[in-house]
Amino acid sequence: MVRPCRYFAIHFILLRFLGLGWWHHPHENKTRNYPGLYLYYSILTQLVWVVGFVGLETIDPFVGEKDMDRFMFSLSFVITHDLTLIKLYIFYFRNEEIQDIVRTIEIDLYRYYQNDDKIRATVRISRIFTAAFLFFGWVTIGNANIYGIVQDLRWKDIVKNLNETTFKPLRTLPQPIFIPWPYQEDKHYILTFILETMGLLWTGHIVMTIDTFIASVILHMSTQFAILREAIVTAYDRTMITLSEGALQSGVLCENSNGNEENNQIFLESFYSKEHIESVLESTLLSCIRQHQLLIGCVEKFSKTYSYGFMTQLLSSMAGICVVMVQVSQDASSFKSVRLVTSLAFFFAMVIQLAIQCFTGNELTIQAERIADAVMESKWEKMPVRLRRLLLVTMMRAQRPLHLTAAGFAYIDNTCFLSILKAAYSYYAVLSQKQG
């Protein structure tokens, strides 16, 4: 059976399309992310959709008079998209480090004990939650556009009954964004509507692709710890099987073995010297130890590389969730059913955005800690004292918690997820009281 490969194929396709680099799969042995004309494509798309569109979003809350509904929703987009610029910086200027981490997961670790079924399951899970998150983003933006179309139809219905001298209410777009040109006429309004929709889809896909890619990397690292745990638990048995296969070729084990494990070991000891058995077992354990060290180094490098990305995520989630909660409470109290659906969809999108990284980070820490349990289950009592010391060192290292951190201020785990939600609710309560 062909080994699993291209773990992050969907993310690489999206990153290439969005102008965030021509990401190469590890087996291609290339790291140049901006070849030829693609560099100009990347610069153009980022100038138009990131600098231009996000810049207009940033200006909107602070230009002109805004009602509280429009201001809060506008502010939530500003917080989410502006802080994402830090993540973009990491992807642009630290992409070689990220590619090296991906290579370690997909190529380097495969030189040791692996479980293809677990890897395929992880690839499948990462693709499912990536597709689900993208679909949820489309639903959120689509629902917002439907709300904008309904509001525009109401505006047209009101305007057609007014005479030329009557003051006409301002025609608004589905999402709050500052537009520096007049767009009240149908021709300009439709073009501006399309431009805004494309900008939301582009920037939204940048946010969703980066977040799901990071969560997928974390999920693969936690899976590698689960595979390593399996490797350590089965190390003794795998060594005995390897020795048995050599004995079977000579016909010794076949003639004398009755299938009992203890009897098989006795026959193996009679066929091989103790030094040879110990040497083969040591080789198996050293392979597990090297795999453990490589995996720890990969996690630590990833934590260091994306540390400020995690910090950005926590800050944007805390502020964004707080602001959207204010928006949801206003829409619920004023019975704006269509706008309420939009606000709730955006609220859940922000919660999911935080959750996928915190939950996968928590799983990574748990799987890393379970390596110590694996040592205790590895039939160490049947091993020579010299090899037990190797297992002891491995267990002591595994007992030191392995965490992903947000610039050293917080661990990315379930506790962090709950703390951010509590902080967001606390700020929401304060804002609600002041508003009341």
Side-chain angles (χ1 to χ4, degrees), residues 14-15 17-20 42 44-63 66 69-88 91 130-152 171-181 183 188-213 312-313 316-317 319-321 323-324 327-328 331 336 338-354:
L14 289 170
L15 289 169
F17 176 74
L18 295 169
L20 299 182
S42 177
L44 179 63
T45 55
Q46 302 318 303
L47 283 176
V48 172
W49 300 119
V50 177
V51 177
F53 186 79
V54 175
L56 295 175
E57 276 187 331
T58 306
I59 295 171
D60 183 75
F62 312 104
V63 175
K66 299 282 189 303
D69 286 359
R70 183 177 173 85
F71 177 78
M72 284 298 177
F73 212 66
S74 177
L75 191 60
S76 64
F77 274 92
V78 170
I79 292 168
T80 303
H81 291 162
D82 280 20
L83 288 176
T84 301
L85 294 176
I86 298 176
K87 297 180 183 178
L88 285 177
F91 268 70
T130 298
F133 195 32
L134 289 173
F135 177 76
F136 197 81
W138 297 337
V139 170
T140 303
I141 295 172
N143 186 74
N145 281 353
I146 291 172
Y147 172 78
I149 293 170
V150 171
Q151 289 295 98
D152 193 58
R171 193 176 191 181
T172 59
L173 292 163
Q175 297 297 337
I177 182 174
F178 174 73
I179 303 296
W181 59 83
Y183 60 91
H188 296 141
Y189 181 85
I190 292 171
L191 291 174
T192 306
F193 184 97
I194 294 172
L195 177 67
E196 183 189 66
T197 301
M198 289 181 64
L200 286 171
L201 286 170
W202 198 279
T203 53
H205 277 77
I206 287 176
V207 173
M208 292 184 290
T209 302
I210 289 176
D211 290 340
T212 53
F213 172 68
T312 300
Q313 183 63 64
S316 64
S317 294
I321 290 172
V323 170
V324 175
Q327 180 69 45
V328 169
D331 293 341
K336 297 179 180 178
V338 180
R339 189 58 180 260
L340 178 60
V341 173
T342 303
S343 301
L344 283 173
F346 192 61
F347 170 76
F348 284 115
M350 297 203 71
V351 172
I352 294 171
Q353 182 185 19
L354 175 65

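Predicted model only: the values in this text are computed from it and were never measured.
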Given 3.5 Å as the limit, does a donor-acceptor pair link the side chain of Gln46 with the main chain of Leu18, or not? yes

Run Phe193 and Leu191 through side chain to side chain contact (heavy atoms under 4.5 Å, CB included) and show every step you take. CA-CA 5 Å; Phe193 184 97; Leu191 291 174; over 6 Å; no

Hey, could you give me each pair passing salt bridge (Lys or Arg N to Asp or Glu O under 4.0 Å) that has a residue in residues 132-152? Not counting sequence neighbours. Asp152-Arg171

Before giving the answer on side chain to side chain contact (heavy atoms under 4.5 Å, CB included), spell out for Leu20 and Ile206 the whole-Å C-alpha distance, their side-chain angles and the decisive distance to 0.1 Å. CA-CA 8 Å; Leu20 299 182; Ile206 287 176; 4.2 Å; yes

Distance, nearest 0.5 Å, that separates CD1 of Ile210 from CG of Leu14: 11.0 Å

Pair His205-Trp138, side-chain donor/acceptor within less than 3.5 Å: yes

Quick check for you: to the nearest 0.5 Å, what is the distance between Gln313 atom CD and Lys87 atom NZ? 3.5 Å

Can you tell me how far CD1 of Ile141 sits from CE of Met198, rounded to the nearest 0.5 angstrom? 12.5 Å

Closest contact, heavy atoms only, Thr45 versus Gly19: OG1-CA, 3.9 Å

So, does Thr212 use its side chain to make a donor-acceptor pair with the main chain of Thr130 at under 3.5 Å? no

Test side chain to side chain contact (heavy atoms under 4.5 Å, CB included) applied to Leu56 - qualifying residues, sequence neighbours left out: Ile177, Phe178, Pro180

Say you draw a straight line from CG of Leu15 to OG of Ser42; how long is it, rounded to the nearest 0.5 Å? 10.5 Å

Does the side chain to side chain contact (heavy atoms under 4.5 Å, CB included) test come out yes or no for Leu173 and Tyr183, once each step is laid out? CA-CA 9 Å; Leu173 292 163; Tyr183 60 91; 3.9 Å; yes

Partner of Ile194 under side chain to side chain contact (heavy atoms under 4.5 Å, CB included), chosen from Thr192, Ile190, Thr197: Ile190

Roughly how far, to the nearest 0.5 Å, is the OG atom of Ser317 from the CD1 atom of Ile352? 12.0 Å

My understanding is that only residues two or more places apart in sequence, or in another chain, count here; which of them pass side chain to side chain contact (heavy atoms under 4.5 Å, CB included) with Leu85? Val50, Leu88

Compute the ring centroids of Trp202 and Phe17, then answer whether they are less than 6.0 Å apart. yes

Under the side chain to side chain contact (heavy atoms under 4.5 Å, CB included) rule, what do Thr84 and Thr312 come out as? Steps first, then yes or no, please. CA-CA 7 Å; Thr84 301; Thr312 300; 6.0 Å; no

Could you state the interatomic distance from CZ (Phe347) to OG1 (Thr140), rounded to the nearest 0.5 Å? 12.5 Å

